[in-house]
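Below is one structure, written out as structure tokens, with a few remarks after it.
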Amino acid sequence: KAAEQGYRSAQNNLGYMYRKGKGVKKDDTTAVYWFRKAAEQGYPLGQYNLGRMYCKGKGVKKDDTTAVHWFRKAAEQGHANAQWSLDKMMKESSSGEKRRGTIKLFIE
């Protein structure tokens, strides 16, 4: 109920529950829905979780650019895992300058 009322931490928590199947049927698409609700309200953990879903292609089409976008938003608020994820994506880039350039653009 709190998630439906707009509480961003509750939205993120509900997304986590759907992602892991804790107390509800596992559903990555619904998890993305709730993570996005929290992320769009500026909640760093929601932004990070939404970035992870895009990075892994869970509940959405895999999209590194969108993953970086959400990781960056969380990283700018001091979210350590998001900062680490941005760094990892840069280091593991296997598609050459284009991907590194895209990621660089987002973190500058």
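Below, all heavy atoms of this structure are taken into account, side chains as well, without hydrogens, waters or symmetry copies.
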Heavy-atom pair with the smallest gap, counting every atom of Gly46 and Ala38: CA-CB, 4.1 Å
Asn49 (side chain) donor-acceptor with Leu45 (main chain) under 3.5 angstrom: yes
Exercise: identify the closest heavy-atom pair between Ala31 and Gly15: CB-O, 3.3 Å
Other ILVMFWY residues reachable from Met17 by side-chain steps of under 4.5 Å: Leu14, Tyr18, Val24, Tyr33, Trp34
Tyr48 with Leu50, same ILVMFWY side-chain cluster at under 4.5 Å: no
Euclidean distance, Glu40 CD relative to Arg8 CZ, rounded to 0.5 Å: 13.0 Å
Counterpart residues, side-chain contact (heavy atoms from CB on, under 4.5 Å), relative to Asp63 (two or more places apart): Tyr54, Thr65, Thr66
Side chains of Met53 and Arg19 in contact at under 4.5 Å (non-hydrogen atoms): yes
Minimum heavy-atom distance between Ala10 and Ala3, given as atom pair plus value: CB-N, 3.6 Å
Shortest non-hydrogen separation from Ala82 to Ala75 and the atoms involved: CB-N, 3.7 Å
Flag, side chain of Gln47 to backbone of Trp70, donor-acceptor distance under 3.5 Å: no
Rounded distance [0.5 Å steps], NZ in Lys73 versus NE2 in His79: 15.0 Å
From CZ (Phe71) to NZ (Lys88), nearest 0.5 Å: 9.0 Å
Atom pair NZ (Lys26) and NZ (Lys58), whose distance is rounded to the nearest 0.5 Å: 6.0 Å
Greater than 12 external heavy atoms within 6.0 Å of Lys56's NZ: no
Common cluster, Leu86/Tyr43, ILVMFWY with side-chain heavy-atom separation under 4.5 Å: yes
Glu76 side, atom CD; Gln83 side, atom CD - distance, nearest 0.5 Å: 10.0 Å
Closest approach of Gly6 to Gln11 (non-hydrogen atoms, all atoms of both residues): CA-NE2, 3.5 Å
